[in-house]
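The figures here come from the full heavy-atom set of this structure, side chains too, leaving out hydrogens, waters and symmetry mates. Residues: numbered from 1 along the sequence shown.
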Amino acid sequence: MAKTIQAIRGMNDCSPTESPLWQWVEEKVRSVLQTYGYSEVRMPIVESTPLFARAIGEVTDVVSKEMYTFWDNDEQLTLRPEGTAGCVRAAIEHGWIYNNEQRLWYMGPMFRHERPQKGRYRQFHQAGVEVFGIANPEIDAELILLTARLWKQLGIFEHVTLQLNSIGSLEARQNYRSALVEFLQQHIDLLSDEEKERLVKNPLRILDTKNQALQEVLNDAPKLLDYLDQESREHFSQLCDLLDAAGIQYEVNPKLVRGLDYYNKTVFEWVTSALGAQGTVCGGGRYDGLVEQLGGHAACGVGFAMGLERLVLLVQEVNKQIALPSAVDIYVVYSGEGTTLPAFQLAEKLRTELPHLRTMTHCSGGNFKKQFKRADKVGAKFALVIGEMEAQTQQVVVKDLLGGAEQQSLALTDVVAYLKQATQ
């Protein structure tokens, strides 16, 4: 027997029993985004490596440690580790945002080479939103209100908390960086080797350390909010006022900086305690200089991304009784000489005239008992039965598998009208 081949570590399959929940979550995401008037874009999963180095930052963990990169002839390519850089590249290349506002969304796989754990995989899926050309804090607020609406649709709103911060302008962060480095150097003995490396390359990332002793010391560290430029202060204040007026509760977290270099001003995360250590459900913020940094005309931007694996896990964790639609509404059962053709014709007629119902034809042979067992297994609501007598008399037996109503015989011409009424 040949040796079996298994999936690559950290890249998971989604089974037929799991996919209905994924489809339900994805449909909720699409529905809310359409409610707000956002338009879908689709980008390749492979991009030129310099795109991510320039956008995300060469000293970030993503670029320096986690990217899947390979050579294609003389060009270095990377499987996308996140969606913003590719969306900005596409917007510049096709002129979507030149003197124009755009509110865009996308959904698909991303790739990072990191240690797999529950809800965190090497191939993972994100839904993301990018808005270009709007500088006002109103759009920051809209994105947060949009995500809050989605959490309510998914039934997880009571289990997530909004954390908010402003990281100001590049100049403000540089001033703060100097003050933070000076403070941390006084506690150098508490820093791990990795944190000492970050102290040189990207000290703001130390603010979200998991080192408990260092976390306590950081409570006395300089606060980024104290170093903000006036424009960023006003922007953040207006955002908070809008969220207050909308009744959105939030925590101002001065240690929240996000992990990618392109952010400025507003940064936010929705976090949960229901998934253990992997608590971030959604994160985003402003990146007003990124378009120009990647070669486009200056245009402000703001967006967010949510990991669908964690979102699905959270929905499962807090919604134990979530009602998902069954894969099949109607199961067509047939057995005996001359029954195959009318069974197939009936199934196709139902798919044409009742497309909102999911109709499955048995196809596998066997007696009626075996076929009914299969209909029960797939969760069908109705079985339509055609035996030799029904085939000769142009009849069909309708059996209610879930409602308990008595079975009845109908003329083939009356089946559509009956099911249309019965499934309203």
Around atom CZ of Arg358, are there more than 12 heavy atoms from other residues, nucleotides or ligands closer than 6.0 Å? yes
Checking Leu354 against His356 for the side-chain contact (heavy atoms from CB on, under 4.5 Å) test, could you report, in this order, the C-alpha distance in whole Å, the side-chain angles of both residues, the deciding distance, and whether it holds? CA-CA 5 Å; Leu354 300 175; His356 64 288; 3.9 Å; yes
Below 4.5 Å, heavy atoms only, C-beta onward: do Thr84 and Tyr263 meet side chain to side chain? no
Determine whether Val160 and Thr147 satisfy the following criterion, side-chain contact (heavy atoms from CB on, under 4.5 Å), listing intermediate values before the conclusion. CA-CA 11 Å; Val160 292; Thr147 51; over 6 Å; no
Determine, step by step, whether Asn219 and Lys255 satisfy the side chain to side chain donor-acceptor pair (under 3.5 Å) criterion, reporting the C-alpha distance in whole Å, the side-chain angles of both residues, the deciding distance to 0.1 Å, and the verdict. CA-CA 9 Å; Asn219 290 330; Lys255 297 178 183 177; 3.0 Å; yes
Backbone N or O of Ser169 within a donor-acceptor pair of the Asn264 side chain at under 3.5 Å? no
Gln371 side chain to Tyr334 main-chain N or O, any donor-acceptor pair under 3.5 Å? yes
Parallel, tilted or perpendicular for His125 and Trp22, by the 30°/60° rule? perpendicular
side-chain contact (heavy atoms from CB on, under 4.5 Å) between Leu311 and Ile156, worked out: CA-CA 9 Å; Leu311 208 52; Ile156 62 174; 3.8 Å; yes
Mutual orientation of the aromatic rings belonging to His94 and Trp96 [parallel < 30°, tilted 30-60°, perpendicular > 60°]: parallel
Surrounding NZ of Lys223 (heavy atoms of other residues, nucleotides or ligands, distance under 6.0 Å), is the total greater than 12? yes
Rounded to the nearest 0.5 Å, the CD atom of Gln102 sits from the CD atom of Glu130 at a distance of 12.0 Å
Regarding Glu27 and Gln23, do their side chains bring together a donor and an acceptor under 3.5 Å, going by distance alone? no
How far does NE2 of His297 sit from CD1 of Ile92, to the nearest 0.5 angstrom? 9.5 Å
Donor-acceptor pair, side chain of Arg310 and main chain of Thr280, under 3.5 angstrom: yes
Euclidean distance, Tyr38 OH relative to Trp105 CH2, rounded to 0.5 Å: 13.0 Å
With a 6.0 Å cut-off (strictly less than), is the heavy-atom count around CG of Asp74, excluding the residue itself, greater than 12? no
Crowded around Lys196 NZ? As in, over 12 foreign heavy atoms under 6.0 Å? yes
Residue of the set Leu143, Ile139, Val129, Leu33 for which side-chain contact (heavy atoms from CB on, under 4.5 Å) holds with Arg103: Ile139
Give the C-alpha distance, both sets of side-chain angles, the deciding distance and a yes or no for side chain to side chain donor-acceptor pair (under 3.5 Å) between Gln238 and Glu234. CA-CA 6 Å; Gln238 292 172 31; Glu234 292 175 359; 5.0 Å; no
Search all heavy atoms of Ile206 against all heavy atoms of Glu195 and return the closest pair with its distance. CD1-O, 3.4 Å
Are the side chain of Arg122 and the backbone N or O of Glu114 linked by a donor-acceptor pair below 3.5 Å? yes
With rounding to the nearest 0.5 angstrom, report the NE2 to OH distance, His362 to Tyr331. 4.5 Å
Under a 3.5 Å distance rule, please check whether Thr49 uses its side chain to pair with a backbone N or O of Gln76 as donor and acceptor. yes
Got a second to check how far Trp270's CH2 is from Phe157's CZ, nearest 0.5 Å? 5.0 Å
So does Lys369 have more than 12 non-hydrogen atoms from other groups sitting under 6.0 Å from NZ? no
How about Trp24 and Leu154: do any of their side-chain heavy atoms sit closer than 4.5 Å? yes
State whether a side-chain donor-acceptor pair under 3.5 Å links Thr361 with Arg351. yes
N/O donor-acceptor pair under 3.5 Å between Thr272 side chain and His159 backbone: yes
Over all heavy atoms of both residues, which pair between Leu243 and Leu162 is shortest? Give the atoms and the distance, please. CD1-CD2, 4.2 Å
Can you find a heavy atom in the side chain of Phe382 that is under 4.5 Å from one in the side chain of Asp400? yes
Compare all side-chain heavy atoms of Leu184 with those of Val217 and state whether any distance is below 4.5 angstrom. no
Residues, nucleotides or ligands: over 12 heavy atoms within 6.0 Å of Glu231 CD: no
Residues, nucleotides or ligands: over 12 heavy atoms within 6.0 Å of Ile8 CD1: no
Where do Pro109 and Arg80 come nearest, in terms of heavy atoms and distance? O-NE, 2.8 Å
Other residues, nucleotides, ligands: >12 heavy atoms within 6.0 Å of Gln186 CD: yes
Can you confirm whether Leu384 sits close enough to Val333 that some side-chain heavy atom of one is under 4.5 Å from a side-chain heavy atom of the other? no
First locate atom CG of Leu204, then atom CZ of Arg177, and finally report the distance between them rounded to the nearest 0.5 Å. 8.0 Å
Kindly give the heavy-atom pair with the smallest separation between Ala179 and Tyr227, and that separation in Å. CB-OH, 3.2 Å
Any side-chain heavy-atom pair from Ile134 and Val302 closer than 4.5 angstrom? no
Identify the two heavy atoms, one from Leu190 and one from Asn211, that lie closest to each other, and give their separation to 0.1 Å. O-ND2, 3.1 Å
Under the 3.5 angstrom rule, does the side chain of Arg54 hit a backbone N or O of Gln293 as a donor-acceptor pair? yes
What heavy-atom pair brings Asp229 and Ala172 nearest, and what distance separates the two atoms? OD1-CB, 3.8 Å
Run the side-chain contact (heavy atoms from CB on, under 4.5 Å) check on Phe132 and Tyr287 step by step: do they pass? CA-CA 10 Å; Phe132 301 103; Tyr287 47 87; 3.7 Å; yes
Would a distance-only check, ignoring hydrogens and angles, find a side-chain to backbone donor-acceptor pair under 3.5 Å from Thr35 to Ser31? yes
Would you find a donor on one side and an acceptor on the other, under 3.5 Å apart, between the side chain of Lys381 and the backbone of Gly379? no
Any side-chain heavy atom of Leu199 within less than 4.5 Å of one from Gln185? yes
Under 4.5 Å between any side-chain heavy atoms of Leu350 and Leu357, yes or no? no
Polar side-chain atom of Asp72 near backbone of Glu75 as donor-acceptor pair, under 3.5 Å: no
